[in-house]
Amino acid sequence: MSDLWDDLENFARAPSSSTAAPGERGTIKAKANFNVSEDVAALRKAIEGIGTTEKTLIDILTHRSSSQKQAISKAYLETTNRILVNDLKGDTQGSLEDLLVALARPLAVNDAKWLIEAIKGAGTDNSILIEILASRTNKQIKELSAAYAEETKKTLIQKLKTEVSGDFGKAILLLAEGARDESTNVNADKAREDAKALYHAGEKKLGTDESKFIEILCKRSIPHLRQTILEYKNISGKTLQKSIEKEISGDLEELLVAIVKCVMSTPAYFAEKVYKSMKGAGTDETTLTRVMVSRGEIDMLDIRAEFKKLYQNSLFKEISSDVSGSYSDSLKMICGED
């Protein structure tokens, strides 16, 4: 991995999938000649028949855009008086159920549900908070916050204030506001100033001024931060990621490193997530499902390319050798052969 994060020369001007609109770099695309009533009839036949025809469910849910699937869900409810997601839950199980249910829901509702899951019960799963809030755009954060409020009748910010604290809490709450600067103009002098401020708040200081890292990394625009990361390497001789890992610890370290990775390449960040979910004994199917569904319509083509570059193997082949059955078939449909 370190080669990617050290290779700083070309990335400052490279396009970032954080600005990609759904459908542009995704593998899940809108179906041409989409016929909602045909899809509803096919889904009903697959679900209502003796034994569920999983192939039909997989084929429809992995080959329709999010807006098309919402039209299907609406028509399904009008036709059957039943909720499609509930029927999928009743007819499938395990990881396949989780995957198909997530594919049938709007992206923002998925993010809200995953955050609810991460926050509920004793202790908060900070790694999910970090993954979602470090990688989503302002627009996506606004949408997931609205979905969260609709699901829970509380605002996400209100809930987070009771769950996270300290410097990590401050950073998470800043990200949850969805108010990152979105200007695309980069002022190299200002980027250099920020790089110097980070250097003096960490490497150059006895003790670390975490608040400076939080302010810069959680508020500045993505293009500005790309330039800042370049300037930082010039000033300090090491990457910002390495400095954060040396100077900061715990959840805040994990969060700031995730932001730096997403600034540099959101697809590479998720390629690493997917790889780690399949590496070693047993598969973390929850993470694998979350990443494949949340990125399928956004930047899966780029994640596939980064995966191959980082791990010298195709993501499709890795999925084939790691998971099996209908769950594997669904993931391979989302991934597509590369």
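For the single chain, residues carry numbers from 1 onward in sequence order.
Of all the heavy atoms in Arg180 and Arg220, the pair that sits closest is NH1-O, 2.7 Å. Met300 and Val291 get closest at one heavy-atom pair: CE-O, 4.3 Å. Considering every non-hydrogen atom in both Ile47 and Tyr76, the closest pair reads CD1-OH, 3.7 Å. The nearest pair of heavy atoms linking Tyr269 to Glu131 is OH-CA, 3.4 Å. Closest heavy-atom contact between Thr62 and Leu103: CG2-CD1, 3.8 Å. Across every non-hydrogen atom of Ile235 and Ala195, the tightest pair is CD1-CB, 3.7 Å.
Of the inter-residue distances, the one linking Asp91 atom CG with Leu43 atom CG reads 11.0 Å to the nearest 0.5 angstrom. The OG atom of Ser294 lies 11.5 Å from the CG atom of Leu144; values are rounded to the nearest 0.5 Å. Interatomic distance, OG of Ser65 versus CD1 of Ile28, reported as 9.5 Å (0.5 Å rounding). Atom CG of Leu288 sits about 4.0 Å away from atom OH of Tyr327, to the nearest 0.5 Å. Cys262 contributes atom SG, which lies 11.5 Å from atom CG of Leu217 (distance to the nearest 0.5 angstrom). Atoms CG and OG, on Asp329 and Ser324 in that order, are 9.0 Å from each other to the nearest 0.5 Å.
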Self-check item: Derivation of the side chain to side chain contact (heavy atoms under 4.5 Å, CB included) call for Thr239 and Val260
Solution: CA-CA 10 Å; Thr239 64; Val260 168; over 6 Å; no

Exercise. List the steps and the verdict of salt bridge (Lys or Arg N to Asp or Glu O under 4.0 Å) for Lys242 and Glu247.
Key: CA-CA 9 Å; Lys242 287 206 169 82; Glu247 297 293 325; over 6 Å; no

Quiz prompt | side chain to side chain contact (heavy atoms under 4.5 Å, CB included) assessment of Leu198 paired with Ser243 | solution = CA-CA 9 Å; Leu198 290 170; Ser243 290; over 6 Å; no

Quiz prompt | Derivation and outcome, side chain to side chain contact (heavy atoms under 4.5 Å, CB included), residues Ser73 and Val85 | solution = CA-CA 8 Å; Ser73 293; Val85 161; 5.6 Å; no

Quiz item: Cys218 and Ile259: side chain to side chain contact (heavy atoms under 4.5 Å, CB included), yes or no, with the steps?
Solution: CA-CA 8 Å; Cys218 297; Ile259 293 169; 4.0 Å; yes

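Val186 and Ile216 fall into different hydrophobic clusters, where Ile, Leu, Val, Met, Phe, Trp and Tyr side chains are chained together by heavy-atom contacts under 4.5 Å. Both Val164 and Leu115 belong to a single network of hydrophobic side chains, linked directly or stepwise wherever heavy atoms of I, L, V, M, F, W or Y lie under 4.5 Å apart. Under the 4.5 Å side-chain heavy-atom criterion for grouping Ile, Leu, Val, Met, Phe, Trp and Tyr, Phe316 is not connected to Leu310 through any hydrophobic cluster. Note on Ile132: it clusters hydrophobically with Phe270, by side-chain heavy-atom contacts below 4.5 Å among ILVMFWY residues. Tracing side-chain contacts under 4.5 Å through hydrophobic residues (I, L, V, M, F, W, Y), one reaches Ile319 starting from Tyr275; they form part of the same cluster.
Contact check for Thr56 versus Lys45: no side-chain heavy atoms found under the 4.5 Å cut-off. Within the 4.5 Å cutoff, side-chain heavy atoms of Val109 are placed close to those of Glu151. Residues Leu252 and Ile244 are not in side-chain contact: their nearest non-hydrogen atoms beyond the backbone lie 4.5 Å or more apart. For the pair Ile172/Asp251, no side-chain contact is recorded, criterion being any heavy-atom separation below 4.5 Å from C-beta on. Within the 4.5 Å cutoff, side-chain heavy atoms of Phe213 are placed close to those of Leu240. Residues Glu254 and Asn126 have side chains not in contact (no heavy-atom distance under 4.5 Å, counting atoms from C-beta outward). Using a 4.5 Å heavy-atom cutoff, the side chains of Glu48 and Asp87 are not in contact. Within the 4.5 Å cutoff, the side chain of Leu61 has heavy atoms near those of the Leu88 side chain.
Side chain of Thr283 to main chain of Glu285: no donor-acceptor pair is present (N/O by atom type, distance under 3.5 Å, no hydrogens or angles). Put simply, the side chain of Thr287 never gets that close to the backbone of Asp284: no donor and acceptor are under 3.5 Å apart. Counting only distance, with no hydrogens or angles, the side chain of Asp299 and the backbone of Asp302 share no donor-acceptor pair below 3.5 Å. Counting only distance, with no hydrogens or angles, the side chain of Ser314 and the backbone of Lys317 share a donor-acceptor pair below 3.5 Å. A donor-acceptor distance shorter than 3.5 angstrom exists from the side chain of Gln158 to the backbone of Thr155, with no hydrogens or angles considered. When atom types are taken as modelled, the side chain of Glu306 and the backbone of Ile303 share no donor-acceptor pair closer than 3.5 angstrom. No donor-acceptor distance shorter than 3.5 angstrom exists from the side chain of Arg290 to the backbone of Trp114, with no hydrogens or angles considered. Put simply, the side chain of Thr208 never gets that close to the backbone of Glu210: no donor and acceptor are under 3.5 Å apart. Side-chain atoms of Gln70 come within 3.5 Å of backbone N or O of Ser66 as a donor-acceptor pair.
A salt bridge links Glu272 with Lys261: the closest approach of a Lys/Arg side-chain nitrogen to an acidic carboxylate oxygen falls below 4.0 angstrom. Glu297 has no carboxylate O lying under 4.0 Å from a charged side-chain N of Arg64, or vice versa, which leaves the two without a salt bridge. No salt bridge links Lys212 with Asp209; every basic N to acidic carboxylate O contact stays at or beyond 4.0 Å. In summary, Glu143 and Lys139 engage in a salt bridge, as defined by a charged side-chain N under 4.0 Å from a carboxylate O. Note on Asp181 versus Lys219: no salt bridge recorded, every NZ/NE/NH1/NH2 to OD/OE distance being 4.0 Å or above. No salt bridge links Glu97 with Lys89; every basic N to acidic carboxylate O contact stays at or beyond 4.0 Å. The residues Lys120 and Glu117 are annotated as salt-bridged, a charged nitrogen and a carboxylate oxygen being separated by less than 4.0 angstrom. Ion pairing between a basic and an acidic side chain is recognised when a charged N comes within 4.0 Å of a carboxylate O; Glu193 and Lys190 show no such pairing.
Looking only at atom types and distance, the side chain of Asp98 has no donor-acceptor partner in the side chain of Thr289 under 3.5 Å away. Side chains of Asn138 and Glu182: a donor-acceptor N/O pair is present below 3.5 angstrom, by distance only. One side chain, Asp125 or Ser127, offers a donor N or O that lies under 3.5 Å from an acceptor on the other. Side-chain contact annotation: His224 with Asn187, donor-acceptor N/O pair under 3.5 Å absent. Between Ser37 and Asn35, the side chains place a donor N or O and an acceptor N or O closer than 3.5 Å (distance only, hydrogens not considered). For the residue pair Tyr148 and Asp111, no side-chain donor N or O sits within less than 3.5 Å of a side-chain acceptor on the partner.
Around the CG atom of Asn86, the shell of radius 6.0 Å holds more than 12 heavy atoms that belong to other residues, nucleotides or ligands. Lys142 NZ: more than 12 foreign heavy atoms inside a 6.0 Å radius. At most 12 non-hydrogen atoms from other residues, nucleotides or ligands lie less than 6.0 angstrom from NZ of Lys276. Shown here is Lys55, whose NZ atom has no more than 12 heavy atoms of other residues, nucleotides or ligands within 6.0 Å.
Under the 30°/60° scheme for interplanar angles, the aromatic rings of Tyr199 and Tyr232 are found to stand perpendicular.
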